[in-house]
Amino acid sequence: MSEFTLPANSKVGEGKHWAVPQPTKHVKSFRIYRWDPAKNANPTMDTFDIDRDHCGPMVLDALVKINDQIDPTLSYRRSCREGVCGSCAMNIDGVNTLACLTSIDSLKKGTSRITPLPHLQVLKDLVADLTGLYAQYALIEPWLQTDQPPPDRERRQSPEERAKLDGAWECILCFCCSTSCPSYWWNQDRYLGPSVLLQSHRWLVDSRDQRTGERLDRLEDPFRLYRCHTIMNCTNTCPKGLNPAHAISDTKRMMTERD
Amino acid sequence: MQEVMQSNFSVFRREDTLKEGVDKLTELRDPLERVTVDDDSLLWNMALVSTLELVNLADQAVVIAHSALARTESRGAHAREDYHQRDDTNWLKHTIAWKDEDWNVTLADRPVHLRALSNDVQSFPPAERTH
(Lines give C-alpha, C1' and ligand atoms only; values in the text may rest on other atoms or scores of the structure.)
Protein backbone atom coordinates (compact mmCIF):
# COMPACT_ATOMS: atom_id res chain seq x y z
CA MET A 1 0.00 0.00 0.00
CA SER A 2 1.33 3.42 -0.81
CA GLU A 3 2.06 5.81 1.95
CA PHE A 4 1.39 9.50 1.60
CA THR A 5 2.95 12.16 3.72
CA LEU A 6 1.90 15.76 3.68
CA PRO A 7 4.56 18.37 3.02
CA ALA A 8 6.02 20.12 6.05
CA ASN A 9 3.79 22.74 7.69
CA SER A 10 0.72 21.85 5.67
CA LYS A 11 -1.33 20.84 8.73
CA VAL A 12 -2.92 23.95 10.16
CA GLY A 13 -3.95 23.79 13.82
CA GLU A 14 -6.20 25.92 15.97
CA GLY A 15 -4.44 28.91 17.49
CA LYS A 16 -5.04 31.53 20.10
CA HIS A 17 -8.32 33.39 20.52
CA TRP A 18 -7.94 37.08 21.34
CA ALA A 19 -11.35 38.17 22.65
CA VAL A 20 -12.46 41.78 22.98
CA PRO A 21 -11.51 42.90 26.52
CA GLN A 22 -14.81 44.69 27.23
CA PRO A 23 -18.19 43.58 25.88
CA THR A 24 -18.98 45.68 22.80
CA LYS A 25 -21.83 45.87 20.32
CA HIS A 26 -20.05 45.64 17.01
CA VAL A 27 -17.54 42.84 16.94
CA LYS A 28 -15.96 41.38 13.82
CA SER A 29 -13.82 38.27 14.08
CA PHE A 30 -10.87 37.41 11.85
CA ARG A 31 -9.20 34.02 11.68
CA ILE A 32 -5.66 34.77 10.58
CA TYR A 33 -2.96 32.37 9.40
CA ARG A 34 0.05 32.38 11.71
CA TRP A 35 3.36 30.70 11.06
CA ASP A 36 6.80 31.60 12.32
CA PRO A 37 9.70 29.63 10.80
CA ALA A 38 11.73 30.20 13.97
CA LYS A 39 9.19 28.36 16.14
CA ASN A 40 9.58 24.97 14.49
CA ALA A 41 5.84 24.27 14.71
CA ASN A 42 2.93 23.81 12.35
CA PRO A 43 0.91 26.88 11.35
CA THR A 44 -2.18 27.87 13.31
CA MET A 45 -5.26 30.00 12.71
CA ASP A 46 -5.50 32.68 15.41
CA THR A 47 -8.86 34.35 16.02
CA PHE A 48 -8.90 38.10 16.65
CA ASP A 49 -12.10 39.84 17.78
CA ILE A 50 -12.13 43.47 16.65
CA ASP A 51 -14.24 46.22 18.22
CA ARG A 52 -15.58 47.89 15.08
CA ASP A 53 -16.47 51.06 16.94
CA HIS A 54 -12.74 51.66 17.42
CA CYS A 55 -11.39 50.50 14.10
CA GLY A 56 -11.09 51.99 10.61
CA PRO A 57 -13.33 50.76 7.77
CA MET A 58 -10.90 48.56 5.80
CA VAL A 59 -9.47 45.11 6.47
CA LEU A 60 -6.01 46.72 6.56
CA ASP A 61 -7.22 48.97 9.39
CA ALA A 62 -8.14 45.83 11.33
CA LEU A 63 -4.67 44.36 10.71
CA VAL A 64 -3.03 47.63 11.82
CA LYS A 65 -5.20 47.58 14.96
CA ILE A 66 -4.22 43.99 15.70
CA ASN A 67 -0.55 44.86 15.27
CA ASP A 68 -0.78 48.03 17.36
CA GLN A 69 -3.06 46.94 20.18
CA ILE A 70 -3.55 43.18 20.30
CA ASP A 71 -0.57 41.16 19.05
CA PRO A 72 2.53 43.02 17.79
CA THR A 73 4.07 39.78 16.50
CA LEU A 74 1.65 39.55 13.54
CA SER A 75 3.53 40.19 10.28
CA TYR A 76 2.13 41.37 6.96
CA ARG A 77 3.26 43.63 4.12
CA ARG A 78 1.74 47.08 3.84
CA SER A 79 2.80 50.46 2.65
CA CYS A 80 0.53 53.00 0.93
CA ARG A 81 -2.81 51.96 2.53
CA GLU A 82 -4.70 53.26 -0.56
CA GLY A 83 -4.36 50.64 -3.31
CA VAL A 84 -1.44 52.03 -5.28
CA CYS A 85 1.49 49.96 -3.98
CA GLY A 86 0.18 46.38 -4.04
CA SER A 87 1.97 45.35 -0.84
CA CYS A 88 -1.03 44.14 1.20
CA ALA A 89 -2.16 41.48 -1.29
CA MET A 90 -3.56 38.51 0.63
CA ASN A 91 -6.36 35.98 0.56
CA ILE A 92 -9.45 37.33 2.34
CA ASP A 93 -12.42 34.91 2.62
CA GLY A 94 -11.03 32.88 -0.26
CA VAL A 95 -10.40 35.78 -2.64
CA ASN A 96 -7.00 37.25 -3.46
CA THR A 97 -7.26 40.99 -3.00
CA LEU A 98 -5.72 44.04 -1.35
CA ALA A 99 -6.53 44.42 2.34
CA CYS A 100 -6.53 48.22 1.98
CA LEU A 101 -9.22 48.21 -0.73
CA THR A 102 -11.51 45.68 0.99
CA SER A 103 -14.00 47.20 3.40
CA ILE A 104 -14.92 45.13 6.44
CA ASP A 105 -18.60 45.83 5.63
CA SER A 106 -18.21 44.05 2.29
CA LEU A 107 -17.19 40.78 3.98
CA LYS A 108 -19.62 38.04 4.91
CA LYS A 109 -21.22 38.08 8.39
CA GLY A 110 -19.44 36.25 11.18
CA THR A 111 -15.81 35.25 11.08
CA SER A 112 -13.62 36.09 8.09
CA ARG A 113 -10.53 34.14 7.14
CA ILE A 114 -7.25 35.78 6.13
CA THR A 115 -4.40 33.72 4.71
CA PRO A 116 -1.28 34.58 2.66
CA LEU A 117 -1.42 34.55 -1.16
CA PRO A 118 -1.95 30.87 -2.06
CA HIS A 119 0.67 28.51 -3.51
CA LEU A 120 3.71 30.54 -2.56
CA GLN A 121 6.24 29.73 0.15
CA VAL A 122 5.33 31.59 3.33
CA LEU A 123 8.08 33.64 4.96
CA LYS A 124 6.05 34.45 8.08
CA ASP A 125 2.34 34.86 8.87
CA LEU A 126 0.78 36.70 5.91
CA VAL A 127 4.08 37.40 4.13
CA ALA A 128 4.58 35.23 1.04
CA ASP A 129 7.87 34.82 -0.84
CA LEU A 130 7.63 36.78 -4.11
CA THR A 131 11.18 36.01 -5.31
CA GLY A 132 10.05 33.75 -8.16
CA LEU A 133 7.51 36.30 -9.41
CA TYR A 134 10.09 39.08 -9.43
CA ALA A 135 12.55 36.84 -11.29
CA GLN A 136 9.89 36.18 -13.92
CA TYR A 137 9.18 39.90 -14.15
CA ALA A 138 12.90 40.53 -14.75
CA LEU A 139 12.87 37.87 -17.48
CA ILE A 140 10.53 39.90 -19.70
CA GLU A 141 12.94 42.88 -19.51
CA PRO A 142 10.29 45.44 -18.53
CA TRP A 143 11.87 48.55 -19.94
CA LEU A 144 11.81 50.49 -23.22
CA GLN A 145 14.21 49.00 -25.79
CA THR A 146 14.97 50.72 -29.07
CA ASP A 147 17.87 51.30 -31.48
CA GLN A 148 16.97 54.92 -32.04
CA PRO A 149 19.23 57.43 -30.31
CA PRO A 150 17.58 59.34 -27.47
CA PRO A 151 15.77 62.37 -28.93
CA ASP A 152 16.13 65.86 -27.48
CA ARG A 153 12.68 65.65 -25.98
CA GLU A 154 10.23 62.89 -25.01
CA ARG A 155 9.52 60.04 -27.44
CA ARG A 156 6.08 61.09 -28.66
CA GLN A 157 3.01 58.90 -29.05
CA SER A 158 -0.35 59.57 -30.67
CA PRO A 159 -3.38 59.40 -28.35
CA GLU A 160 -4.33 56.12 -30.10
CA GLU A 161 -0.88 54.62 -29.47
CA ARG A 162 -0.99 55.74 -25.85
CA ALA A 163 -4.50 54.29 -25.42
CA LYS A 164 -3.10 50.79 -26.10
CA LEU A 165 -1.28 50.96 -22.76
CA ASP A 166 -4.49 51.59 -20.81
CA GLY A 167 -5.36 48.56 -18.73
CA ALA A 168 -1.67 47.65 -18.40
CA TRP A 169 0.07 50.61 -16.81
CA GLU A 170 -2.39 50.56 -13.89
CA CYS A 171 -1.04 47.16 -12.80
CA ILE A 172 0.70 47.46 -9.41
CA LEU A 173 2.26 43.99 -9.40
CA CYS A 174 0.38 42.79 -6.33
CA PHE A 175 0.33 39.28 -7.89
CA CYS A 176 -3.25 38.57 -6.78
CA CYS A 177 -3.93 37.28 -10.30
CA SER A 178 -0.92 34.99 -10.69
CA THR A 179 -1.54 33.38 -7.31
CA SER A 180 -5.22 32.82 -8.13
CA CYS A 181 -4.41 30.96 -11.36
CA PRO A 182 -4.60 27.13 -11.11
CA SER A 183 -2.27 26.88 -14.08
CA TYR A 184 0.27 29.04 -12.27
CA TRP A 185 -0.19 26.95 -9.10
CA TRP A 186 0.91 23.84 -11.02
CA ASN A 187 3.60 25.31 -13.24
CA GLN A 188 4.92 28.38 -11.49
CA ASP A 189 8.47 27.29 -12.24
CA ARG A 190 7.87 27.52 -16.01
CA TYR A 191 4.61 29.36 -16.73
CA LEU A 192 5.01 33.15 -16.40
CA GLY A 193 1.51 33.72 -15.00
CA PRO A 194 -1.04 36.46 -15.71
CA SER A 195 0.62 39.41 -13.95
CA VAL A 196 3.96 39.02 -15.74
CA LEU A 197 2.25 38.31 -19.08
CA LEU A 198 0.14 41.45 -18.66
CA GLN A 199 3.35 43.43 -18.21
CA SER A 200 4.95 41.60 -21.13
CA HIS A 201 1.99 42.66 -23.27
CA ARG A 202 2.40 46.25 -22.10
CA TRP A 203 5.83 46.33 -23.83
CA LEU A 204 4.64 44.33 -26.87
CA VAL A 205 2.05 46.99 -27.73
CA ASP A 206 4.18 50.03 -26.85
CA SER A 207 4.67 52.02 -30.08
CA ARG A 208 8.10 53.22 -28.89
CA ASP A 209 9.53 49.75 -28.21
CA GLN A 210 11.38 48.05 -31.11
CA ARG A 211 12.06 44.65 -29.58
CA THR A 212 8.60 43.18 -30.26
CA GLY A 213 10.11 40.26 -32.22
CA GLU A 214 12.62 39.34 -29.51
CA ARG A 215 9.95 39.72 -26.85
CA LEU A 216 7.67 37.29 -28.73
CA ASP A 217 10.61 34.88 -29.27
CA ARG A 218 11.11 34.78 -25.54
CA LEU A 219 7.50 33.60 -25.06
CA GLU A 220 7.76 30.91 -27.81
CA ASP A 221 7.76 27.97 -25.43
CA PRO A 222 5.12 25.38 -24.41
CA PHE A 223 5.02 26.76 -20.87
CA ARG A 224 5.85 30.46 -20.59
CA LEU A 225 2.77 31.72 -22.47
CA TYR A 226 0.69 28.73 -23.52
CA ARG A 227 -0.15 27.40 -20.04
CA CYS A 228 -2.95 29.98 -19.97
CA HIS A 229 -6.17 28.03 -20.45
CA THR A 230 -8.50 31.04 -20.12
CA ILE A 231 -9.68 30.05 -16.67
CA MET A 232 -10.24 33.80 -16.05
CA ASN A 233 -9.53 33.70 -12.30
CA CYS A 234 -6.99 36.47 -12.93
CA THR A 235 -9.56 38.87 -14.35
CA ASN A 236 -12.10 37.96 -11.66
CA THR A 237 -9.73 38.61 -8.80
CA CYS A 238 -7.80 41.71 -9.98
CA PRO A 239 -8.30 44.38 -7.28
CA LYS A 240 -7.58 47.10 -9.86
CA GLY A 241 -10.24 45.81 -12.30
CA LEU A 242 -7.74 44.91 -15.05
CA ASN A 243 -7.98 42.10 -17.56
CA PRO A 244 -4.76 40.02 -17.73
CA ALA A 245 -6.59 37.22 -19.60
CA HIS A 246 -7.31 39.61 -22.47
CA ALA A 247 -3.65 40.68 -22.60
CA ILE A 248 -2.62 37.02 -22.78
CA SER A 249 -5.07 36.22 -25.58
CA ASP A 250 -3.85 39.27 -27.48
CA THR A 251 -0.27 38.06 -27.05
CA LYS A 252 -1.30 34.68 -28.50
CA ARG A 253 -2.92 36.53 -31.41
CA MET A 254 0.32 38.43 -32.08
CA MET A 255 2.17 35.11 -31.97
CA THR A 256 -0.18 33.55 -34.56
CA GLU A 257 -0.19 36.56 -36.85
CA ARG A 258 3.59 36.72 -37.19
CA ASP A 259 3.89 32.98 -38.11
CA MET B 1 3.41 62.16 18.93
CA GLN B 2 1.47 61.79 15.68
CA GLU B 3 -1.48 63.69 17.13
CA VAL B 4 0.72 66.52 18.43
CA MET B 5 2.52 66.88 15.11
CA GLN B 6 -0.79 66.85 13.21
CA SER B 7 -2.57 69.41 15.37
CA ASN B 8 0.28 71.71 16.45
CA PHE B 9 2.85 71.58 13.65
CA SER B 10 0.87 71.47 10.43
CA VAL B 11 1.22 74.17 7.76
CA PHE B 12 -0.61 76.97 9.62
CA ARG B 13 1.18 77.76 12.87
CA ARG B 14 0.89 80.26 15.72
CA GLU B 15 3.15 80.99 18.69
CA ASP B 16 0.74 79.75 21.38
CA THR B 17 -0.10 76.47 19.64
CA LEU B 18 3.56 75.92 18.77
CA LYS B 19 4.53 76.41 22.43
CA GLU B 20 1.75 74.07 23.51
CA GLY B 21 3.04 71.51 21.00
CA VAL B 22 6.62 71.76 22.28
CA ASP B 23 5.36 71.16 25.84
CA LYS B 24 3.24 68.18 24.76
CA LEU B 25 6.19 66.68 22.87
CA THR B 26 8.53 67.17 25.81
CA GLU B 27 6.06 65.26 28.01
CA LEU B 28 6.48 62.29 25.67
CA ARG B 29 10.20 62.02 26.41
CA ASP B 30 9.88 59.64 29.38
CA PRO B 31 7.35 57.26 27.83
CA LEU B 32 9.34 57.20 24.60
CA GLU B 33 12.58 56.43 26.43
CA ARG B 34 10.89 53.42 28.02
CA VAL B 35 9.51 51.87 24.81
CA THR B 36 10.07 48.12 24.63
CA VAL B 37 9.61 45.63 21.78
CA ASP B 38 7.36 42.66 22.59
CA ASP B 39 8.41 40.60 19.59
CA ASP B 40 11.81 38.88 19.65
CA SER B 41 11.52 37.41 16.15
CA LEU B 42 14.39 38.00 13.74
CA LEU B 43 12.12 37.71 10.71
CA TRP B 44 9.59 40.28 9.56
CA ASN B 45 9.53 41.87 13.00
CA MET B 46 7.10 44.73 12.40
CA ALA B 47 7.13 45.78 16.06
CA LEU B 48 10.91 46.32 15.92
CA VAL B 49 10.69 48.26 12.64
CA SER B 50 7.92 50.47 14.05
CA THR B 51 9.98 51.13 17.17
CA LEU B 52 13.07 52.12 15.17
CA GLU B 53 10.88 54.41 13.06
CA LEU B 54 9.37 55.90 16.20
CA VAL B 55 12.82 56.70 17.63
CA ASN B 56 13.90 58.41 14.40
CA LEU B 57 10.60 60.29 14.09
CA ALA B 58 10.91 61.52 17.68
CA ASP B 59 14.28 63.11 16.84
CA GLN B 60 12.76 64.75 13.78
CA ALA B 61 9.63 65.91 15.64
CA VAL B 62 11.57 67.62 18.42
CA VAL B 63 13.92 69.57 16.12
CA ILE B 64 11.03 70.52 13.82
CA ALA B 65 9.04 71.80 16.82
CA HIS B 66 11.83 74.00 18.18
CA SER B 67 12.87 75.29 14.76
CA ALA B 68 9.26 76.18 13.87
CA LEU B 69 8.79 78.11 17.10
CA ALA B 70 12.02 80.06 16.53
CA ARG B 71 11.33 81.05 12.91
CA THR B 72 9.25 84.23 13.23
CA GLU B 73 8.24 84.55 9.58
CA SER B 74 6.15 82.71 6.98
CA ARG B 75 7.97 80.77 4.29
CA GLY B 76 6.57 77.98 2.08
CA ALA B 77 4.85 75.32 4.15
CA HIS B 78 5.70 77.20 7.35
CA ALA B 79 2.80 79.68 7.48
CA ARG B 80 2.79 81.65 10.73
CA GLU B 81 -0.54 83.30 11.43
CA ASP B 82 1.26 85.75 13.71
CA TYR B 83 4.00 86.54 11.15
CA HIS B 84 2.30 86.64 7.77
CA GLN B 85 5.21 88.04 5.76
CA ARG B 86 8.30 86.40 4.48
CA ASP B 87 11.31 88.06 6.13
CA ASP B 88 14.43 87.84 3.95
CA THR B 89 16.31 90.34 6.13
CA ASN B 90 16.37 88.10 9.22
CA TRP B 91 15.43 84.64 8.02
CA LEU B 92 17.05 84.01 4.64
CA LYS B 93 19.02 81.17 6.23
CA HIS B 94 18.85 77.47 7.10
CA THR B 95 18.11 76.46 10.67
CA ILE B 96 20.55 73.98 12.14
CA ALA B 97 19.36 72.12 15.24
CA TRP B 98 21.04 69.81 17.75
CA LYS B 99 18.99 67.67 20.13
CA ASP B 100 20.67 66.37 23.29
CA GLU B 101 19.69 63.37 25.44
CA ASP B 102 17.40 65.48 27.61
CA TRP B 103 15.60 66.69 24.48
CA ASN B 104 17.05 70.19 24.84
CA VAL B 105 17.49 71.73 21.42
CA THR B 106 20.27 74.14 20.41
CA LEU B 107 19.62 76.23 17.30
CA ALA B 108 22.06 77.89 14.91
CA ASP B 109 21.92 78.89 11.28
CA ARG B 110 23.78 78.56 8.02
CA PRO B 111 23.62 80.90 5.03
CA VAL B 112 21.69 79.85 1.93
CA HIS B 113 23.75 79.22 -1.23
CA LEU B 114 22.47 81.84 -3.64
CA ARG B 115 24.68 80.94 -6.60
CA ALA B 116 23.91 78.09 -8.97
CA LEU B 117 26.31 75.12 -8.85
CA SER B 118 26.91 75.16 -12.60
CA ASN B 119 27.02 77.84 -15.29
CA ASP B 120 24.12 76.27 -17.21
CA VAL B 121 21.66 78.63 -15.60
CA GLN B 122 22.12 82.14 -14.29
CA SER B 123 21.72 82.83 -10.62
CA PHE B 124 18.80 85.04 -9.75
CA PRO B 125 17.96 86.78 -6.47
CA PRO B 126 15.37 85.10 -4.24
CA ALA B 127 11.94 86.66 -4.35
CA GLU B 128 8.58 86.03 -2.80
CA ARG B 129 6.30 83.67 -4.69
CA THR B 130 3.22 85.67 -5.56
CA HIS B 131 1.31 83.35 -7.88
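Order of the sequence lines fixes the chain letters, A, B, ..., with proteins taken first and strands second; residue numbering starts at 1 for each chain. Computed from a predicted model, the values in this text were never measured in an experiment.
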Inset, instruction - Check the surroundings of atom CD in A/Gln121: do more than 12 heavy atoms from other residues, nucleotides or ligands lie under 6.0 Å from it? - result: no
Legend entry - Neighbourhood of chain A inside residues 73-95 of chain B, taking heavy atoms under 4.5 Å as contact: none
Inset, instruction - If a pair satisfies side chain to side chain donor-acceptor pair (under 3.5 Å) and one of its residues is in residues 41-59 of chain B, list it, with sequence neighbours excluded. - result: B/Asp59-B/Lys99
Inset, instruction - Answer yes or no: is there a side-chain heavy-atom contact under 4.5 Å between B/Met46 and A/Tyr76? - result: yes
Inset, instruction - Might you point out which heavy atoms bring A/Met58 and A/Ala99 nearest each other, and give the distance in Å? - result: CB-O, 4.0 Å
Inset, instruction - Check for a donor-acceptor pair, side chain of A/Trp185 on one end and backbone N or O of A/Thr179 on the other, with a separation under 3.5 Å. - result: yes
Inset, instruction - Please name the residue in the list A/Thr115, A/Asn91, A/Asn236 that meets the side chain to side chain contact (heavy atoms under 4.5 Å, CB included) test with A/Asn96. - result: A/Asn91
